[in-house]
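Have a look at the structure below, then the notes.
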Amino acid sequence: MGQSLFWNRFCPIPGAATFGPSPGKGNLLISYNILYCINLLKSGGKKLLENYSAKEIEAKWQNTWEVEKVFQPEPDDRQKFFLTIPYPYLNGNLHAGHTRTFTIGDSVARFRRMQGYNVLFPMAFHATGTPIVGLSELIANRDPLIWGVYTKLHGIPEEELSGLNTPEKIVLYFRKQAKQAMQSIGYSIDWRREFTTTDPAYSKFIEWQYGILRRLDYVVKGSHPVRWCPHDRNPVEDHDILKGEDATIMDFALIKFRMEDKILPCATLRPETVFGVVNLWLNPDVNYVMAKVNNELWIVSREAYEKLTFTDRTVECISEVPGKELIGKSVTNPLTGAEVLVLPAGFVDPDNGSGIVMSVPAHAPYDYLALKDLYDKDLSMYGINADLRAIKFISLIESPGYGELPAVEAVDELKVKDQNDPKAEEATKMVYRREFHNGVLKANTGEYAGIAVSKIKDILLGDLIEKGMAEIFYEFSETPVICRCGTRCVIMMVRDQWFLEYSDMQWKANVLRCLAGMKIIPEEFRAEFENKIDWLKDKACARRKGLGTHLPWDKEWLIESLGDSTIYMAYYILAKYVNAGMKIDSLPPEFFEYIFMNNGSADSIAALTGISLQTVQQIHDDFAYWYPVDLRTSGKDLVANHLLFFLYHHVAVFPERLWPKAIAVNGFVSLEGQKMSKSKGPLLTLRQAVADNGADVTRLYILGNAEGTADVDWRNDGVESTHAHLERFYNFARDVLADGSIEQNAEKTLVDRWMLSRLQRRIQEATEAMENIQTRRALQSAFYLLFNDLRWYQRRGGKNQLRTVLSAWVRMMAPFTPHVCEEIWETGLGEGYVSLAQWPKADEALIDPKAEKAEELLERMQSDVQEIVSVTKAQPKKITLYAAPAWKKEMLGLAVQAASGGKLDMGALMKTAMAAPSITAHKKDAPKYAQKLAKAAHSLSAEALGLDEFETLTREREYLASAFGVPVEVFSADEPGADPKGKSKQAEPGRPAIYIE
RNA sequence: GCGGGGGUUGCCAAGUGGUUAAAGGCGCAGGGCUUAGGACCCUGUCACGAAGGUGUUCGCGGGUUCGACUCCCGUCCCCCGCACCA
């Protein structure tokens, strides 16, 4: 539905919509373009159309760029610039979020190209992984939810969607859609290099890469815990979860307390407190089970037992044990050897941990409260007759603000009544937080004494595991976690899994070194990268299901899809030749070794692969020219995953000189303030945005409304206003180009010099901004502010520099709105394509501070007069202006000199001033002005002295008169003429006096 | 909870020690142009003001400084990531 609507809108030609998109046939856009161009040729002529028409202009230039191969670079003697953007995943249409990242990349590519770099900007498509497979099944089953999402949000006609019932068809379909979308917005991509990650040659490339990683011992086997649905017998991903989406997997320590030949494991997040255990807690109303776990006898709650069956332990239930029977028995602390009692507590949740809890009343409020509750209870039913008050608390953490027993203090402080009081939870968190951040272990922890609590967990747990005193037990941070099928999820230990060993210290160190040598934009994200590298753990890198490449040495596994997308930028070099028909029957690792690593010789590789010697050599040379990646731009969501892996794998595979040079990160796009969602909406597709607004407007809006990690909010009123601005730009260009009265070589007036001066500044600002990938800042200068400058220029009667400014302006806008700029450029501004024209260079010699100051003065005069008129509600008949007298200028000069230290001594200033004859002559008025200057000592500036204000005002008298609509007279306050109200005395440098009558 | 980013005048958003009542855009108001105008141009848009001024502002509370939106401390709120998923 959305699709046909789109084409109707896009094609002004009657009947065009009827030849709708047909898979496998030529690209509709192009067919349309050809028709258009034929029409254009008939009409001939190079004159801008009277009215701006995005559709016609954009189709024309997109077609021209493609036919004329404008963006197909080859190595030459220029400096290269290799820019890449993460390829999109083909499970839907490109949306506004993609549009932002890609358009930023395209504008940078265009900018660098115009700066004279040989720019390589390729694009490909990501298809490996599981979602596309899942999607094909859902489409084949006509899943109503998916059906709605893809017809409504993604705008796919039902008849087309129903055909997408295999992963292959989905890949083909979305690949074509995505490419058309990217062409419709005018990206300067070298399409000769496109590929899909399921291509056979790409698989060979991935195999080569994983061979290297394996050789380096970066791929290892291990186990890891996943969220698991016992019903579906599958790991669950976020979108499979009905409830508990935010739950994370926490690793508890399971401390093995001994009771004769049995083990009572206690789950805890604070293993260090094992030193302070004075009893265990068990829930008397809960049924426990005795189970054989590996070769030990464990007693745990029934729920914990069930969880254990999903771990990598061999478990066997032996018998049930009521909680009551265990209470009153004594157990041995494995670490300290202390004998402690098992006591009853209602707060013990059988569904959390093992259902057995160790009690550390000195540091855990719940333990303290539960113990206190038992003090006066009769426990003889459990065979406990001892006085529990005799149990001595063991304090083992020293933290500022707390004494011996933090739990007791916290309970008192918050006035917690008992273990059922909700405030008990609060007290627990408070103690935990303070002790974790500021606590240090005391002497009674032996070899661990003096270590910070925040550092101890991993060390101690490691030691305990080694000694057989503890194990790790995984538990969700919040429960329950429910699968979409309604089943409660568990944590499953997947065994014999292949891992990328991202935790390897040496590897990490190299990545950090790579990062240190890179440019990160925005720079604030460097810390984020460093933290994430630090945090990164081993990552499972193979799966059983999905699309992708098999592990070369273990064909049962498919390489996980993020892991196959790390160094593929190198493959772009090769893809061009593959697409051109290169023989790919045999692409052994030696082939890649030669072209990427320069190992071996072209001769032997040609012989080995059957590829021509010349091609082998050429690919090798291409790679040597284009690599490394100069810039990778991406959305901020990829920081903690793809961008990290991108660095890791480059560092592992390539020598240092081929490591990436820069990463730029950008934020997302929201719609009318709402977060976009591919599955729930709202969603704006790239094609819809372009169909509704045109490519240039879409680009301008998305680049101009935010930059860096801030989100762009796509708002209709804003887009409309952007459209109006662009139209004004077009109309302005049309008028300038049609204006035969412009004399470019006429002598430059003040305002001409001002205009050129402003232009140089705008060029400087925009250039600097683009070099830092600040598209918004660049557009503020290059578009909006320059626009305002031009308005002032024209208002001041400027005209002869309009063509010069327009030429620079169009070139500055070309990276952002390339179509309309080509159109304008073609009309006689310059040769060839503006896309390949030279980015304007600021000419320092044209920066004219005097002219700028003069115009500032005029602006100031206008706004001051305006203010006076509005305040006095007067109807002016005549305006007289008085420029500052010479003596005040002199005094200001002296004051500025004297104030250079920051302080201005009024007395000293007067003294020096009185030495100057011109000032002496005004000794009545001088002190008053001196005082004013002294008051402003910290912000004095000699700027106002750089301009002869009297001369300027006199020269521009006519302009001011016409601006005010009344006659204007100009005097110097030195010779004020009639001056009926004595206003001339108010004149100061930078602020001529005004008299309105 | 941990890590990163952020709270600016009706809205979006610049601004990192003085030139800032604070760029630019949107919206709104007035005027001009015009047959008309959603097109374009000008002006205003924190408050008060019969002379270009004054007062009060940049999440909240303190502090440093001659001077803070800008630096420091505390506090509240918002957004993003925390994975085996692209």
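Quick note on labels: first sequence line is chain A, next is B, and so on, each numbered from 1.
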Which is true for [X] with a 4.0 Å heavy-atom rule: it touches a base, it touches only sugar-phosphate, or it touches nothing?
{"X": "A:L638", "value": "nothing"}
{"X": "A:H642", "value": "nothing"}
{"X": "A:R991", "value": "base"}
{"X": "A:K636", "value": "nothing"}
{"X": "A:P522", "value": "nothing"}
{"X": "A:Q986", "value": "base"}
{"X": "A:R776", "value": "base"}
{"X": "A:A993", "value": "base"}
{"X": "A:D538", "value": "base"}

If the [atom1] atom of [N] is compared with that of [M], how far apart are they to the nearest Å?
{"N": "B:rU45", "M": "B:rG24", "atom1": "P", "answer": "12 Å"}
{"N": "B:rA22", "M": "B:rC46", "atom1": "C1'", "answer": "12 Å"}
{"N": "B:rA23", "M": "B:rG4", "atom1": "C1'", "answer": "28 Å"}
{"N": "B:rC11", "M": "B:rU65", "atom1": "C1'", "answer": "35 Å"}
{"N": "B:rG59", "M": "B:rG7", "atom1": "C1'", "answer": "6 Å"}
{"N": "B:rG27", "M": "B:rG10", "atom1": "C1'", "answer": "8 Å"}
{"N": "B:rC80", "M": "B:rA13", "atom1": "P", "answer": "15 Å"}
{"N": "B:rC66", "M": "B:rG17", "atom1": "C1'", "answer": "12 Å"}

[X] [atom1] to [N] [atom2], straight-line distance once rounded to whole Å:
{"X": "A:K981", "N": "B:rG52", "atom1": "NZ", "atom2": "P", "answer": "14 Å"}
{"X": "A:F529", "N": "B:rG5", "atom1": "CZ", "atom2": "C1'", "answer": "14 Å"}
{"X": "A:M676", "N": "B:rC80", "atom1": "CE", "atom2": "P", "answer": "13 Å"}
{"X": "A:L881", "N": "B:rA51", "atom1": "CG", "atom2": "C1'", "answer": "13 Å"}
{"X": "A:E727", "N": "B:rG38", "atom1": "CD", "atom2": "P", "answer": "15 Å"}
{"X": "A:F964", "N": "B:rA51", "atom1": "CZ", "atom2": "P", "answer": "18 Å"}
{"X": "A:D564", "N": "B:rC85", "atom1": "CG", "atom2": "P", "answer": "14 Å"}
{"X": "A:L726", "N": "B:rA39", "atom1": "CG", "atom2": "C1'", "answer": "15 Å"}

Return the polar atom pairs (N/O with N/O) between nucleotides 72-74 of chain B and the protein under 3.5 Å, or none.
none

Checking contacts here: which listed nucleotide ([options]) is nearest the side-chain heavy atoms of [X]?
{"X": "A:R795", "options": "B:rC26, B:rC42, B:rG52", "result": "B:rC42"}
{"X": "A:H126", "options": "B:rA86, B:rG5, B:rC40", "result": "B:rA86"}
{"X": "A:W535", "options": "B:rC82, B:rG3, B:rA51", "result": "B:rC82"}
{"X": "A:T130", "options": "B:rG52, B:rU43, B:rA86", "result": "B:rA86"}
{"X": "A:Y995", "options": "B:rG3, B:rA51, B:rA86", "result": "B:rA51"}
{"X": "A:K532", "options": "B:rG5, B:rG24, B:rG81", "result": "B:rG81"}
{"X": "A:V871", "options": "B:rG49, B:rA23, B:rG53", "result": "B:rG49"}
{"X": "A:D717", "options": "B:rC26, B:rA86, B:rG52", "result": "B:rC26"}
{"X": "A:F668", "options": "B:rG25, B:rC80, B:rU43", "result": "B:rC80"}
{"X": "A:Y89", "options": "B:rA86, B:rC42, B:rG5", "result": "B:rA86"}

Using only side-chain N and O atoms of [X], determine if any of them is under 4.0 Å from OP1 or OP2 of [N].
{"X": "A:S721", "N": "B:rG25", "answer": "no"}
{"X": "A:K537", "N": "B:rC84", "answer": "no"}
{"X": "A:R777", "N": "B:rA14", "answer": "no"}
{"X": "A:R715", "N": "B:rG25", "answer": "no"}
{"X": "A:H725", "N": "B:rG24", "answer": "no"}
{"X": "A:R791", "N": "B:rC40", "answer": "no"}

Which residue lies toward the 5' end of RNA chain B, A:K678 or A:I249, if each is placed at its nearest nucleotide?
->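 Looking at RNA chain B, the more 5' nearest nucleotide goes with A:I249.
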Taking the nucleotide of RNA chain B with the closest heavy atom to each, which residue, A:A527 or A:R860, is nearer the 5' end?
->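 Residue closer to the 5' terminus by nearest nucleotide: A:A527.
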Six-ring centre of A:F476, A:R227 cation under 6.0 angstrom, axis tolerance 45° =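 Verdict for A:F476: no cation-pi partner in A:R227.
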Distance-only donor-acceptor test, A:N531 side-chain atoms vs B:rG3 base atoms, 3.5 Å =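 Side chain to base: no pair present.
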Ignoring hydrogens and angles, are the base of B:rA86 and the side chain of A:N641 linked by a donor-acceptor pair under 3.5 Å?
->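 Flag set: donor-acceptor pair detected.
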[X] and [Y]: side chain donor to acceptor below 3.5 Å:
{"X": "A:S721", "Y": "A:H723", "value": "no"}
{"X": "A:Y648", "Y": "A:T566", "value": "no"}
{"X": "A:E855", "Y": "A:W792", "value": "yes"}

Residue pair A:N91 / A:P131: nearest heavy atoms and the distance that separates them |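 The pair with the smallest heavy-atom distance is ND2-CB, 4.3 Å.
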Can you tell me the base-pairing partner of [N]? Count Watson-Crick or G-U wobble geometry only, both distances below 3.5 Å, and say none if there is no partner.
{"N": "B:rC84", "answer": "none"}
{"N": "B:rC40", "answer": "B:rG32"}
{"N": "B:rC58", "answer": "none"}
{"N": "B:rU16", "answer": "none"}

Check: A:Y89 ring centroid to A:F174 ring centroid under 6.0 Å |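 No, the ring of A:Y89 stays outside the 6.0 Å limit from the ring of A:F174, centre to centre.
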How about A:F102 and A:H98: are their ring centres within less than 6.0 Å of each other?
->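 Aromatic pair counts; centres sit under 6.0 Å.
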A:P167: what forms a side chain to side chain contact (heavy atoms under 4.5 Å, CB included) with it, not counting sequence neighbours?
->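 Partners of A:P167 under the side chain to side chain contact (heavy atoms under 4.5 Å, CB included) test: A:I132, A:V133, A:S136, A:L547.
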For the ring pair (Phe, Tyr, Trp, His ring centres under 6.0 Å) test, which of A:F816, A:Y793, A:F729 pairs with A:W809?
->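 With A:W809 as partner, ring pair (Phe, Tyr, Trp, His ring centres under 6.0 Å) holds for just one option, A:F729.
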Hey, are the side chains of A:D713 and A:N705 touching, using non-hydrogen atoms and a 4.5 Å cut-off?
->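 A:D713 does not reach A:N705 side chain to side chain.
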Answer yes or no: is there a side-chain heavy-atom contact under 4.5 Å between A:I994 and A:I868?
->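 Contact flag for A:I994/A:I868 side chains = yes.
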Expected output: side-chain A:E560 to main-chain A:L562 donor-acceptor under 3.5 Å |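 Yes, because the side chain of A:E560 sits within donor-acceptor range (under 3.5 Å) of the backbone of A:L562.
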